[in-house]
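Because only heavy atoms are used, hydrogens play no part in the values below, and waters and symmetry mates are left out as well, while side chains stay in.
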Amino acid sequence: MTDARNGSTGKAAGGAKGPDELRQQIAETRSRLGATVEELAAKADVKGRARARAADLRDKAGAMTVQLRSSAAQAGHAVQDKASHVGHAVQGKASHVGHTVQERASHMGHTVQERASHVGHTVHDRASHAGHAVQERTAHGRHGAERQLPRPVQTVVVTGRRHPGLAWATLAVLTAAGAWRAWRAYRHMK
């Protein structure tokens, strides 16, 4: 006969061949009943299942927190690396620009120096030429030659004779003024 409930073939509980077989069938039935009772008890234990689910969710949340912290740390390191790279690039460009400005300023300084020197030489040559002209005129007649010069030039010549240091200082100021004008003219040309 086939038992419809347990799907086993064989004799019914009352038709066991011997006491050993009967004991074995009882043990199997008890085991199946125990498993079924445990399953039903587990399904009926709502608090226990909720605790188990909460513990499972806590474990998942903890794992996710660890993963998020790790991701945030990696992102932080990546941002720090990029910022460091950008900082080095900016520093390199600033250094390059600094060198370029320094080179241009040096070139401009040399140009201004050359122009100032040229202006100084021109002023010196003109002053020397004027001095020679005055000397030639004064050799022919000191007071007559001075009177032939325009009044401002007469004042400068007389003051230069009385105070030679002041004459050189005036020449230096005029040279500096000429250099300043040359530099401004150069700057406005660019």
Side-chain angles (χ1 to χ4, degrees), residues 1-122 172-173 175-190:
M1 234 200 264
T2 302
D3 187 1
R5 281 190 230 177
N6 62 13
S8 62
T9 58
K11 297 180 181 175
K17 290 186 180 180
D20 288 333
E21 189 175 332
L22 185 60
R23 281 189 202 114
Q24 183 180 1
Q25 286 177 357
I26 292 173
E28 286 176 11
T29 303
R30 277 186 188 157
S31 173
R32 280 194 305 262
L33 280 176
T36 304
V37 169
E38 284 179 14
E39 287 177 20
L40 288 174
K43 287 181 181 179
D45 185 15
V46 175
K47 285 184 182 180
R49 285 184 18 209
R51 281 189 212 122
R53 179 73 176 147
D56 185 42
L57 289 175
R58 272 194 304 270
D59 290 344
K60 286 181 181 178
M64 186 162 281
T65 301
V66 168
Q67 184 179 6
L68 287 174
R69 284 183 182 165
S70 174
S71 296
Q74 288 175 352
H77 290 303
V79 167
Q80 186 178 12
D81 290 343
K82 286 182 182 180
S84 176
H85 178 71
V86 167
H88 289 299
V90 167
Q91 184 179 13
K93 288 181 181 180
S95 176
H96 177 71
V97 167
H99 290 302
T100 303
V101 167
Q102 184 179 10
E103 288 173 5
R104 287 184 181 171
S106 177
H107 178 70
M108 172 102 67
H110 290 302
T111 303
V112 168
Q113 186 178 10
E114 288 172 7
R115 288 189 180 185
S117 177
H118 178 70
V119 168
H121 289 306
T122 303
V173 168
T175 303
W180 173 254
R181 285 185 182 162
W183 179 74
R184 287 189 61 190
Y186 174 75
R187 210 174 79 183
H188 289 297
M189 287 187 332
K190 283 195 164 198

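The local environment of NE2 in H77 is sparse, with at most 12 non-hydrogen atoms from other residues, nucleotides or ligands closer than 6.0 Å.
Remark: side-chain polar atoms of S70 are not paired, donor with acceptor, to backbone N or O of V66 under 3.5 angstrom. Side-chain atoms of S71 come within 3.5 Å of backbone N or O of Q67 as a donor-acceptor pair. The backbone N or O of A27 lies less than 3.5 Å from no partner atom in the side chain of S31, so there is not a single donor-acceptor pair. In this structure, T65 contributes its side chain and A61 its backbone to a donor-acceptor pair below 3.5 Å.
Atom NE2 of residue H99 and atom CD of residue Q102 lie 7.0 Å apart, to the nearest 0.5 angstrom. Once rounded to the nearest 0.5 Å, the distance linking CD of E28 with CD of Q25 reads 7.0 Å. We find the CG-CE distance between L57 and M64 to be 11.0 Å, quoted to the nearest 0.5 Å. I26 contributes atom CD1, which lies 11.5 Å from atom CG of L33 (distance to the nearest 0.5 angstrom).
Side-chain contact between D20 and R23 is present, with at least one heavy-atom pair separated by less than 4.5 Å.
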**Request:** Go through the steps for T36 and E39 under the test side chain to side chain contact (heavy atoms under 4.5 Å, CB included), then give the verdict.
**Result:** CA-CA 5 Å; T36 304; E39 287 177 20; 5.6 Å; no
